[in-house]
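Below is one structure; the comments refer to it alone.
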Amino acid sequence: MKFYGTPVTSRLLLGTAQYPSPAILQEAIRASGCEIVTVSLRRETADGSGAGFWEMLRDIGVEILPNTAGCHSVSEAITTAQMARELFGTRWIKLEVIGHADTLQPDVFGLVEAAGELTAQGFQVFPYTTDDLIVGEKLLAAGCEVLMPWGAPIGSGQGLRTPDALRTMRAHFPGVPLIVDAGIGRPSDACQAMELGMDAVLLNTAVAKAGDPVAMARAMAGAINAGRIGYGADPMDRRDMAVPSTPVLGLAELA
């Protein structure tokens with residue numbers, strides 16, 4: 001698996017917010033085996049007061065995917081991305097342009113506009129989007145090489161609300177890396193996403209707010225691995241009726 005030409009082994013991406021402590025965050029990242037973590041610009045400040053957090057992530061050796069979390073306009077998202085590139089020294093940016101305050105659903109019109117502008121400025125954009133095929137096509141046309149459809153509203157833990165739409169998205173974009181972003185609550189949700197053919201899962205709240213974040217990080221990693229192996233094994237199709245596992249022909253006839 002590659003994101004913008006960068007090889008990635010782990011199919012789990014972790015967020016870094018809401019953990020009980022930096023030490024637990026560090027331990028959870030290591031337990032998950034993830035190679036990419038998302039970081040909001042708000043975790044770092046211009047006066048350098050967030051330097052300890054940044055140094056901790058550097059010590060772990062993970063790739064940083066800055067995000068534009070909390071941005072509700074194109075201009076705000078672009079400015080935040082520019083600041084993140086300067087601060088973190090990466091062309092990667094997880095692009096969020098929020099359109100609805102309650103559901104945190106993306107503003108897909110602003111998202112496409114911002115993605116095109118940032119791509120023109122040399123960014124490698126990871127767009128947080130919906131499972132709409134037309135929006136996906138427009139994001140690819142704008143220069144994105146990765147799509148990040150939501151599973152459910154951010155932080156809701158509802159799992160995959162529209163698995164059929166994600167399955168259709170996989171079929172429609174066979175060569176595009178697809179990362180389910182948002183809504184994952186349990187390991188079974190992450191496993192389901194991978195069984196649908198998704199390339200990776202990005203989650204935060206499900207691990208950070210678990211009773212034992214480190215154990216949950218390990219569980220998510222195992223579920224994602226199992227789901228990916230299951231998808232590659234070409235699972236059987238669902239059936240409407242029972243099919244006996246023991247053949248009827250050849251059974252003894254008992255009087």
Query raised in the report: Between E35 and T9, is there a donor-acceptor pair closer than 3.5 Å when you use the side chain of the first and the backbone of the second?
Result: yes

Under 3.5 Å, which donor-acceptor pairs do the side chains of residues 191-203 form with other protein atoms, sequence neighbours left out?
from, atom 1, to, atom 2, distance (Å)
D199, OD2, R170, NH1, 2.7
D199, OD2, L178, N, 2.9

Query - Flag if over 12 foreign heavy atoms under 6.0 Å of CD, Q26 - result: yes

Query raised in the report: Do V108 and D132 come close enough that some side-chain heavy atom pair is under 4.5 Å?
Result: no

Query raised in the report: Does the side chain of Q121 pick up a donor-acceptor pair with the side chain of E117 at under 3.5 Å?
Result: yes

Query raised in the report: Would L14 and M220 satisfy side-chain contact (heavy atoms from CB on, under 4.5 Å), going step by step from the backbone distance to the final call?
Result: CA-CA 10 Å; L14 276 183; M220 288 293 186; over 6 Å; no

Would you mind writing out the side-chain donor-acceptor pairs for residues 90-97 within the sub-3.5 Å range, not counting sequence neighbours?
from, atom 1, to, atom 2, distance (Å)
T90, OG1, W92, N, 3.1
R91, NE, G122, O, 2.8
R91, NH2, G122, O, 3.3
W92, NE1, Q124, OE1, 3.0
K94, NZ, E96, OE2, 3.0
K94, NZ, D181, OD2, 3.0

Report summary line: Sequence neighbours excluded, the answer for ring-ring contact (aromatic ring centres under 6.0 Å, His included) partners of Y4 is F126

**Report entry** Remaining members of hydrophobic cluster (4.5 Å side-chain criterion), W150
**Finding:** I98, L104, Y128, I154

Requested in this report: Would you mind listing the cluster partners of V243? Hydrophobic ones only (ILVMFWY), side-chain contacts under 4.5 Å, chaining allowed.
Outcome: none

Query raised in the report: Is there a donor-acceptor pair closer than 3.5 Å between any side-chain N or O of D189 and the backbone N or O of R186?
Result: yes

Query raised in the report: When you look at L160 and V180, which way does the side-chain contact (heavy atoms from CB on, under 4.5 Å) test go after all the steps?
Result: CA-CA 9 Å; L160 306 184; V180 168; 4.0 Å; yes

Query - Set of residues satisfying ring-ring contact (aromatic ring centres under 6.0 Å, His included) with respect to Y19, sequence neighbours excluded - result: none

Query raised in the report: Would you say the side-chain atoms of T79 pair up with the backbone N or O of E76, donor to acceptor, closer than 3.5 Å?
Result: no

Query raised in the report: Would you find a donor on one side and an acceptor on the other, under 3.5 Å apart, between the side chain of T16 and the backbone of T38?
Result: yes

